[in-house]
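A quick write-up on the structure given underneath.
Note that the structure is predicted; figures quoted are calculated from it, not measured. To find a chain, count down the sequence lines: A is the first, B the second, and so on, and within it residues start at 1.
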Amino acid sequence: MKFAFTEDQLLFRDTVRDFLAAECGPAQVREAAAGEGRSPARWAKLVEMGLTGLTVPEDQGGLGLSLVDQVLIAEEAGRAALPEPLVDQIGIAAPLLSAFADRADVAEILEGVAAGTVKIAAGHPLDPFVADAGEADYLLLGREESLHLVPRDRVTLTAETSVDPLRRIAAVDWTAGNDTLLSSDPAMLDRMLDLGGLAAAAQGLGLAQTMVDLAAEYARTRQQFGKAIGSFQAVKHQLATVQVAIEFARAPVYKAAFTLGPRDISHARVAVIDAAASAARTAIQVFGAMGYTYEVDLHFFMKRAWALAGVWGDRHYHLARLSRMVLSDDAALGADGTFADK
Amino acid sequence: MKFAFTEDQLLFRDTVRDFLAAECGPAQVREAAAGEGRSPARWAKLVEMGLTGLTVPEDQGGLGLSLVDQVLIAEEAGRAALPEPLVDQIGIAAPLLSAFADRADVAEILEGVAAGTVKIAAGHPLDPFVADAGEADYLLLGREESLHLVPRDRVTLTAETSVDPLRRIAAVDWTAGNDTLLSSDPAMLDRMLDLGGLAAAAQGLGLAQTMVDLAAEYARTRQQFGKAIGSFQAVKHQLATVQVAIEFARAPVYKAAFTLGPRDISHARVAVIDAAASAARTAIQVFGAMGYTYEVDLHFFMKRAWALAGVWGDRHYHLARLSRMVLSDDAALGADGTFADK
Amino acid sequence: MDLQYTPKQQAFRAEVRAWMAAHVPKQRLKSYDTAEGFEEHRGWERVLNSGRFGMVTWPESLGGRGADLIEWLIFEEEYYRAGAPGRVNQNGIFLLGPTLMEYGTAEQKARFLPRMAAGDDIWAQGWSEPGAGSDMAAIRTKAIRDGKHYVINGQKTWSTRAVFADWCFGLFRTDPESSRHHGMSFILVPLDTPGITRRPIPQLDGEPGFAELFFDDVRVPVENRLGDEGQGWNIAMATAGFERGLMLRSPARFQETAKRLVQLYSRHEARVSPGVRDQVLKAWMDAEAYALNTYMTASRLIAGGKIGQEASLNKIFWSELDRSMHETALSILGARGELLASGVDEADDITRWLKGFLFSLAGPIYAGANEIQRNIIAERLLNLPR
Amino acid sequence: MDLQYTPKQQAFRAEVRAWMAAHVPKQRLKSYDTAEGFEEHRGWERVLNSGRFGMVTWPESLGGRGADLIEWLIFEEEYYRAGAPGRVNQNGIFLLGPTLMEYGTAEQKARFLPRMAAGDDIWAQGWSEPGAGSDMAAIRTKAIRDGKHYVINGQKTWSTRAVFADWCFGLFRTDPESSRHHGMSFILVPLDTPGITRRPIPQLDGEPGFAELFFDDVRVPVENRLGDEGQGWNIAMATAGFERGLMLRSPARFQETAKRLVQLYSRHEARVSPGVRDQVLKAWMDAEAYALNTYMTASRLIAGGKIGQEASLNKIFWSELDRSMHETALSILGARGELLASGVDEADDITRWLKGFLFSLAGPIYAGANEIQRNIIAERLLNLPR
């Protein structure tokens with residue numbers, strides 16, 4: 001029993017954090033929102049760091065790392081509100097496709113993913129829209145109980161506008177075929193949802209922390225009534241309350257990355273949705289009228305958090321799933337059930 | 001449309017408030033808890049003021065006033081945590097019995113109620129215990145869909161211990177008979193529950209306000225870190241939040257007293273249960289360790305509020321009833337339905 | 001206590017309902033935070049005025065109907081029931097209007113109120129400055145007397161509607177030596193006066209709901225001052241009381257939102273968490289409670305009472321209720337809730353909920369942040385030390 | 001990361017489980033806030049010690065087993081699973097114990113720890129004074145050096161367990177000229193020393209869970225001082241860290257409560273509001289999260305890390321979770337929830353829920369009120385100005 005990341009994992013996380021602080025600061029996010037939305041230059045650097053191949057098997061040119069490694073990276077992507085769809089690649093597409101790496105076409109696609117030349121969008125039937133479908137080469141889609149790998153030219157997209165100016169979502173119209181079928185094991189569809197949920201939860205942790213950090217930074221400098229507003233207990237206590245929620249969402253996310261158990265993923269998902277919503281509500285209140293403007297960076301993080309709260313099974317879906325597992329007669333409740341969900 | 005009490009009603013309320021401040025201050029409540037629990041001397045004075053006959057018809061020697069008059073008095077009884085069962089007499093028993101005042105025996109009982117010589121306990125089948133049954137002369141009890149008036153010697157009581165040292169509760173074992181039957185109109189049982197709910201709500205308003213007032217008083221004097229704790233925003237904001245909840249529970253209680261509609265009573269009940277719970281939670285926090293002792297008066301009010309939260313249909317019962325009325329297809333929602341529930 | 005409408009009140013409701021049914025635009029107007037939408041909304045104000053519904057509580061001589069506050073509430077209920085457009089002139093009719101009634105000269109009332117009711121003058125507010133948000137006494141923009149004029153220099157911000165409005169009212173420091181809440185005056189400024197520069201500030205949704213106003217030697221006649229010189233703070237506090245108080249946030253608005261929330265929930269009950277039922281019921285109860293509370297206040301005011309600190313209680317209650325209702329709605333909408341603009345699923349009116357949510361986030365901030373309101377309640381109602 | 005127990009850990013769990021099954025009293029002991037119950041609980045401490053379970057993390061030489069923190073968590077899980085009695089000596093083993101480990105001399109450790117593990121010395125704490133609650137630096141009780149003794153004069157209050165305990169530890173002002181957190185020392189006082197008067201303070205439920213202690217020329221040998229003279233504040237802060245930190249509130253306690261809450265809910269699901277389901281799930285999640293967080297902290301400490309400000313996060317989280325779980329339980333119990341003592345309906349264990357609720361109300365208050373913890377988080381974790 002050792003509930004800790006390795007030194008290497010933390011070091012890599014720090015490297016990514018430093019990279020994103022330099023290459024994807026709020027000013028760069030703002031720039032992306034005002035312009036094309038995605039930065040090919042930044043994508044190239046992510047590829048160069050090996051990030052796109054993080055969870056791609058070594059045989060396909062990736063680093064072959066686990067979702068425990070990935071979860072820290074996804075958290076950093078959230079912290080920076082990274083516009084590029086890195087997390088969907090390494091948190092959802094690559095881990096899913098890796099199970100089919102013995103298929104030559106899939107192996108080739110995985111090589112492309114690792115090399116950053118192939119992009120894959122993923123959409124579960126629970127969700128009405130697919131993110132980043134427009135520039136994807138393939139789409140991982142579910143139909144009934146099957147998982148399909150669909151080339152981009154086999155789908156019709158209807159773009160929609162997200163509250164998050166950096167999210168590109170579309171409704172996808174497509175026809176399943178034998179040639180698109182990847183697996184008819186219904187567990188694979190559940191797995192996609194779980195991976196998506198984990199990815200959203202990890203990003204949500206990072207987003208929530210950034211919102212608190214931005215608000216704290218503002219509160220240290222903004223003066224009212226002759227002192228920094230951060231010296232008022234009302235501001236202090238609101239932010240401290242959010243920080244508590246974030247801290248106690250953290251371990252459930254990390255555990256879920258290790259076990260990939262549905263109970264753990266639903267727990268992590270709900271805890272992060274609530275912590276991030278509370279972070280947004282509080283941060284904008286601390287920023288006051290400034291937070292209500294487009295000119296302050298906060299809103300990019302709030303909007304990403306709001307959008308991610310709904311996808312990959314929303315709060316209701318995950319609470320219902322948790323309910324089936326926790327409130328059933330044979331549920332392993334109590335402390336000795338904590339590490340039984342593997 | 002005039003949503004206001006008359007000058008007379010407010011004046012009478014003030015008289016009762018002054019009386020209770022003098023005769024039923026926290027020290028006297030403490031004294032009652034340490035002693036017999038009830039003060040015959042105080043009861044005699046309540047009788048003398050005409051309070052026991054407040055809602056008894058004039059023909060039976062009462063003041064013949066309405067539940068709108070009564071609700072302000074019940075609020076004051078709550079404010080003082082009055083140990084004697086005045087509210088049950090004038091808020092539940094007398095209004096219920098008044099409908100049967102053409103029966104000679106009932107008329108006589110009502111006369112006794114007004115004169116303060118007859119006491120009536122009331123218990124609805126929803127509730128497991130009846131308050132003040134031990135010294136009641138009669139019990140108003142429900143069985144199936146009927147309402148019964150049962151002499152004290154026809155019931156067997158099993159006393160139980162309430163968290164509120166001033167509440168005397170008992171389980172009641174009794175046999176219904178034709179001679180105890182008051183009404184077989186099921187609406188009368190519902191009416192008893194509604195009157196009980198209104199009485200509990202009105203008392204809860206008063207209790208909640210006292211808890212806030214006690215905490216504010218303590219916060220004005222208790223010094224920590226070189227100043228009164230009431231000058232800290234954390235204390236201010238917690239108490240202000242409770243005050244908001246109390247203020248917005250007030251109008252629903254008063255409206256319910258006017259309409260006696262089940263939707264209004266359930267609304268009032270839920271709003272007050274929540275406001276009073278929040279008042280208790282906050283007041284003890286402001287008092288700190290002092291609030292956790294038996295030596296500070298606060299606990300008498302908290303305990304009364306906790307006990308009253310469960311009786312006459314608890315929060316779940318009233319939410320369910322409200323749900324049937326608000327979420328039904330033909331519910332009168334929106335502003336033009338507000339005063340339609342008469 | 002009498003909780004039934006009089007026949008006269010019922011007749012008034014019927015009149016408003018019929019008029020609204022005939023006049024409310026069938027198509028939703030464009031946002032009044034766009035140039036085109038602003039003029040559409042001005043047009044609607046003119047239509048309202050044509051039915052003498054511009055501001056029913058004002059005397060007939062000033063363009064109103066002399067309605068009492070209960071009738072006002074009935075009017076508002078029918079207004080929201082009909083889904084009528086938002087009031088682009090709310091700064092004027094709900095804030096400056098009552099202030100003029102109380103502090104304006106007869107000349108000022110006659111000059112400003114009828115044009116306000118008619119939509120001829122649309123008003124912006126000029127309270128906040130970059131260094132003076134919640135702390136309004138920190139205002140620094142100066143209006144220095146020069147003969148029959150004040151010469152204004154400085155900067156206002158978060159000036160609601162100021163991008164397109166005709167006039168603004170605000171607080172200016174007329175005594176340059178003064179500090180905090182002394183030495184300020186309440187002045188009305190035509191926004192086309194030379195020396196004023198407007199910079200739109202985009203909101204969360206990208207639309208310019210407010211603006212910065214830069215004043216560079218802006219000359220305003222002395223007769224545009226409301227009340228005495230130096231009395232500005234007291235007048236502004238009264239205005240802020242109106243803002244937090246009865247009229248600006250009429251209960252009908254929240255009751256209408258609660259009703260839509262109940263309907264949204266009913267359509268999606270099967271897929272959402274059981275706990276949502278309790279949230280929806282709480283929303284309905286709170287919207288009702290806000291209405292009942294307002295009826296009590298109105299009854300008291302009609303009987304000659306004054307509005308007091310309950311304005312702060314109101315402000316907290318409606319703003320947190322509004323935010324919470326919209327949060328619940330978005331939670332019900334799930335993954336579809338992120339849609340900022342779409343033709344999809346019009347039954348749920350997703351975009352309206354989302355935009356309403358963004359707007360609701362401003363509620364606990366503007367008109368005196370709720371933190372300030374809680375201070376006021378604690379200090380003035382509960383007598384806690386400053 | 002490896003979230004599976006080692007065979008050694010599994011074997012330890014099995015050993016504890018078997019031992020507890022054989023030794024935990026079948027009848028619930030009387031409250032340790034009564035004279036009789038206190039001695040019953042002391043007896044249980046002796047039974048624990050007979051199995052070398054008094055404090056498993058201590059070295060064998062001091063009566064422990066040299067267990068690491070993961071084993072400690074396993075021990076606690078089995079302890080709560082077995083429904084074993086509360087630890088009457090928690091002030092000793094969870095607070096003073098770790099403090100002695102860090103600041104005590106070898107002689108002091110040998111003198112106090114084995115007797116503590118054996119239940120021979122039951123400890124009370126002496127922090128608060130009438131004027132020094134959350135503001136502990138306001139302590140005024142003096143301990144003035146007189147040769148080989150300190151002479152103590154003053155008053156302590158809210159001294160937990162002090163009605164019946166053998167010893168108390170506390171903070172005393174050894175430099176009478178000093179103020180705030182300077183000039184204080186950490187001193188251990190036998191409660192049977194002449195000059196000490198104890199006044200029990202009844203709690204909400206009427207039982208004397210704490211006491212006032214009056215010190216009138218109480219002479220205590222200098223070797224009863226922990227650490228250096230004047231170093232008391234730092235040592236006390238470390239003790240307070242333990243109090244808020246890992247050991248005192250082991251997650252198993254809350255997980256056990258959450259489990260009972262799930263079971264209570266399952267029995268009454270049909271009659272309670274649907275929203276209760278979500279509250280129960282939240283309780284379960286939060287109790288799990290608290291456990292997971294503790295496992296992370298334990299793993300970090302085993303790897304050589306130090307406990308930091310997370311103690312404040314923990315304190316807020318468990319105390320508000322505990323209160324909220326008990327509130328939910330009482331809400332489920334409805335009108336039966338007011339029963340303070342009764343034989344009725346033992347399946348629901350109403351009295352336990354009600355007493356647990358009353359106790360839970362103290363959680364956000366003691367060990368540094370949650371308001372203070374939020375200040376600490378804001379100032380030390382989020383770097384907000386004082």
Flag the one option from [options] with the top tally of heavy-atom pairs under 4.5 Å to chain A.
options                                : value
D:Glu256, D:Arg277, D:Glu269           : D:Arg277
D:Glu288, D:Arg13, D:Met296            : D:Met296
D:Glu77, D:Met285, D:Gln9              : D:Met285
D:Ala258, D:Ser299, D:Ala252           : D:Ser299
D:Glu78, D:Glu379, D:Arg260, D:Gln263  : D:Glu379
D:Tyr265, D:Phe317, D:Tyr295, D:Phe254 : D:Phe317

[X] portion near chain A, given a 4.5 angstrom heavy-atom threshold:
X        : result
D:Asn370 : neither
D:Leu382 : both
D:Arg300 : neither

Is there a side-chain contact between [X] and [Y] in this structure, where contact means two heavy atoms from C-beta onward sitting under 4.5 Å apart?
X        : Y        : answer
D:Leu281 : A:Leu327 : yes
D:Trp284 : A:Leu322 : yes
D:Leu313 : A:Phe248 : yes
A:Met1   : D:Asp2   : no
A:Phe339 : D:Leu292 : yes

Please report the interatomic distance [atom1]([X]) to [atom2]([Y]), rounded to the nearest 0.5 Å.
X        : Y        : atom1 : atom2 : value
A:Lys2   : D:Ile70  : NZ    : CD1   : 10.5 Å
D:Asp278 : A:Arg315 : CG    : CZ    : 6.5 Å
A:Glu247 : D:Asn314 : CD    : CG    : 9.5 Å
A:Phe3   : D:Met1   : CZ    : CE    : 5.0 Å

I need the minimum non-hydrogen distance between D:Gln255 and A:Ala335, along with the two atoms involved.
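So the minimum-distance heavy-atom pair works out to OE1-CB, 3.2 Å.
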Minimal non-hydrogen separation, A:Pro252 against D:Ala289, with atom names
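Minimum heavy-atom contact is CG-CB, 3.9 Å.
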Name the region of A:Phe232, side chain, backbone, both or neither, that has any atom closer than 4.5 Å to a heavy atom of chain D.
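Interface part for A:Phe232: neither.
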What part of A:Gln233 gets closer than 4.5 Å to chain D, counting heavy atoms only: side chain, backbone, both or neither?
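Side chain of A:Gln233 only, per the 4.5 Å heavy-atom cut-off to chain D.
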Part of residues 66-75 of chain A lying next to chain D, heavy-atom separation under 4.5 Å
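Answer by number: A:Val68.
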In terms of side-chain geometry, is the basic nitrogen of A:Asp274 or D:Lys282 positioned less than 4.0 Å from the acidic oxygen of its partner?
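A salt bridge is absent here (no side-chain N lies under 4.0 Å from a carboxylate O).
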Counting heavy-atom pairs closer than 4.5 Å to chain D, which one of A:Asp329, A:Thr6, A:Asp336 comes out on top?
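With the most close heavy-atom pairs to chain D, the winner is A:Asp336.
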When you measure from the side chain of [X] to the backbone N and O of [Y], does any donor-acceptor pair fall under 3.5 Å?
X        : Y        : answer
A:Arg250 : D:Asn293 : no
A:His237 : D:Arg374 : no
A:Lys236 : D:Pro385 : yes

Check the pair D:Arg386, A:Ser231 against side chain to side chain donor-acceptor pair (under 3.5 Å), reporting the backbone distance first and the verdict last.
CA-CA 6 Å; D:Arg386 284 183 165 271; A:Ser231 62; over 6 Å; no
